[in-house]
Structure formats: C-alpha cells, structure tokens
Amino acid sequence: MTERSIRPRRLRSSPAMRRLIAETRLHPADLVLPMFVREGISEPEAIGSMPGVVHHSLDSLKRAVEAAAEAGIGGVMLFGVPLEKDAVGSGATDPDGILNAGIRAAVDAADGALVVQSDLCLDEFTDHGHCGVLRASTRSATGYEVDNDATLERYRDMALVQAESGAHILGLSGMMDGQTAVVREALEGAGFVDTAILAYAAKYASAYYGPFREAVNSSLVGDRRTYQMDSANRREGLLEVELDIAEGADIVMVKPAGSYLDVLADVAATSTVPVWAYQVSGEYAMIEAAAANGWIDRERAIDESVLSIKRAGADVVLTYWALELAERLGR
Ligand code: PBG
C-alpha cells in the first residue's frame, strides 16, 4: 500500500457520495423555533435587529404555529412581551398574561403536532429587566442584587401557571441556583407529572443576546454576570449540567451555541439526558447582516452554523431559522 492509496478525497468525489457519507444531518424534527408573542398588537411587527423575525399577535402566533407544524419542526419556544412591567414581574404569573395566553393559543394551534415550550424567566416581565427579583445590597455597586431564593418563589408560581396553561416543556432560563429542583417539586406537588423541564444548564452571560433584548423591549441596566456563567469557564458548564440533572431536568441546554461548541461537546459526552443548544439572536443577526451586505452566502452560512452545532453534539437546536430550514429540508 503506498501512501497515496489512502485517499480521503475518494469519499468527497460526488454529491451523491458526500450525501451518503455525511455523519451529521439536519432534520425538521430536530429544530425548535423561538417565537415572540406581544400584548396589545393585532398584526405581526418586525423586530429591527432580527430581520425576518416578528412579534406575533395572538392570532398571528396561531397561524405561525400551524405553519411550523406543517413544516414538521419539533417544537416552538414562546417568549412573552407584556405591555406592563413591574418589580416582581407580575405579568408572568397572571393566568391571562400574554405569555400564558400565548401558550394556550399555541397548544391549541399545534393540535398535538409539535411540542409547545415556554420561557420560564422573569426578565421580560420586570421593569428593571433582571431575571429575578431584587434586594438591596451593600456589596454591589448598583446598591442591589438579584435575590436567588426570593426569585425561586416566583419561578415556582410561574411554573404552575405555565403548566396549567398547557405548556409541554418549561424552559428554565433564569440561571438561579436550585431553580430546577424547586420547579420539579412544584410540578410534582400539583400533579403536573408529565410537564417536562428543559434546564438552560450552561447559560453564559453573552453579548450575543443583544438583539433579543431589543426583541423583548428589555429594560435591563447593567448585566447578568452574577447569575449567568462567565464565558471563560468550560468545566463549570459540566457542574451546572450535573446539578440540573440531579435536580430533575429532563433535558439540558447549552447557550449560546456557536461560541460554546467545546462546552456542548463536553456535555454531549457525559449527559444522561438529551442535550440541546440555543443558537441565539446575535448568532442569527450576524449572519443576516453579513448576508445583507453580500459578504457571505446566506443559505450556506445558515446550514453550516446549524450543522456545526449538531456535529458538536446537540440533539436539538433552537434556531430562529427553524422554519426556513425545515421548509428547505422538506423540498
Ligand atoms: C432569558 C432569555 C434570554 C434569551 C433567552 N432567554 C435573554 C438573556 O438571558 O438575557 C436570549 C435568546 C437570544 O438571544 O436569542 N429570558
């Protein structure tokens, strides 16, 4: 055997060969579409920083969920944008609050064809924009800090309202310690034994959430570095995953995705529950912006970015391109 008889190029020699050899594939069922439902609008409204993504009215949400089911995508993840905000995020636990009304509308429209998930976090509902409730603190330069355990009480109530509204999976994105345990206990106690928990286990404090903050009209001043993870830390991602699994998470997530593929690969190698990844708003906006300028081939960049997340080990990818990708894959 000469050195040149080993030719890796053989398996790249034709489109049919490459298709057969591909180790990773995208499938509509592996995609989840994040969606925004906004109170007080009757028509969908564009989000400036996320071209192609809209704020839905309750009606347009229903139509979009039907389209998502039609395209075969695995699920939708709902975020609510309320008209009124306050210090404790009251809208989040109001059964008629926009997110809970959105859950009911989406479950109805999905009619069992896809899984309806809801964001369980306070930041869209608080006037200060933090993911929890605040308390005075002399340790902090701002004079306040996010109160972990008081926030857990809010999450507990939120979980029950969302489960009651019919959400199939609750997406715990707040990064409070113990949130999975508290929500699991509340669900069990109230008889919601089939409501699943998706723990945003390794969620990093990231600049890539920028466009999302516009999308939810975030009023955040400052940052989330005392509760979301430091991007310097890889090993800690495994600790967060281990804790969430021990506390009863059914699924764990790494977020953002593209800049954290090492963490994702570590988690995929060790997790005993499904591993998902969230391709966040900034990852979306960067490709859209570069493509709009003619600097990048839009479809190829989208495909490559999502495929890379799967290759690194994600079973399912949350992506704002879910519908477009699913429709393209179906053709
Ligand atoms: C918190 C939450 C955020 C995102 C999803 N859930 C914002 C944050 O943590 O600041 C960001 C998603 C994205 O950027 O696409 N409710």
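As the structure lists them, so they are numbered: ligands from 1, and atoms in each ligand from 1.
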Peer 1: Does the side chain of L261 come within less than 4.5 Å of I309's, by heavy atoms?
Peer 2: yes
Peer 1: Do NZ/NE/NH1/NH2 and the carboxylate oxygens of R184 and D244 come within less than 4.0 Å?
Peer 2: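 D244 and R184: not salt-bridged.
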Peer 1: Within a strict 4.5 Å, meaning less than it, do heavy atoms of the Y260 and M229 side chains meet?
Peer 2: no
Peer 1: Less than 4.0 angstrom from a charged side-chain N to a carboxylate O is my criterion; do E324 and R328 meet it?
Peer 2: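 Result for this pair is yes, salt bridge flagged.
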Peer 1: In plain terms, say whether R298 and E288 are close enough for a salt bridge, that is, a side-chain N and a carboxylate O under 4.0 Å apart.
Peer 2: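 Between E288 and R298 there is a salt bridge, with a charged N closer than 4.0 Å to a carboxylate O.
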Peer 1: Just to be sure I understand the cut-off, which residues have at least one non-hydrogen atom under 4.0 angstrom from an atom of ligand 1?
Peer 2: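 Answer by chain and number: F79, D119, C121, D123, E124, S173, K203, Y208, Y209, F212, R213, R224, Q228, K255, Y278, V280, S281, Y320.
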Peer 1: Looking at residues at least two apart in the chain, or sitting in another chain, which of them share a side chain to side chain donor-acceptor pair (under 3.5 Å) with E236?
Peer 2: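 Side chain to side chain donor-acceptor pair (under 3.5 Å) list for E236, sorted by chain: N233.
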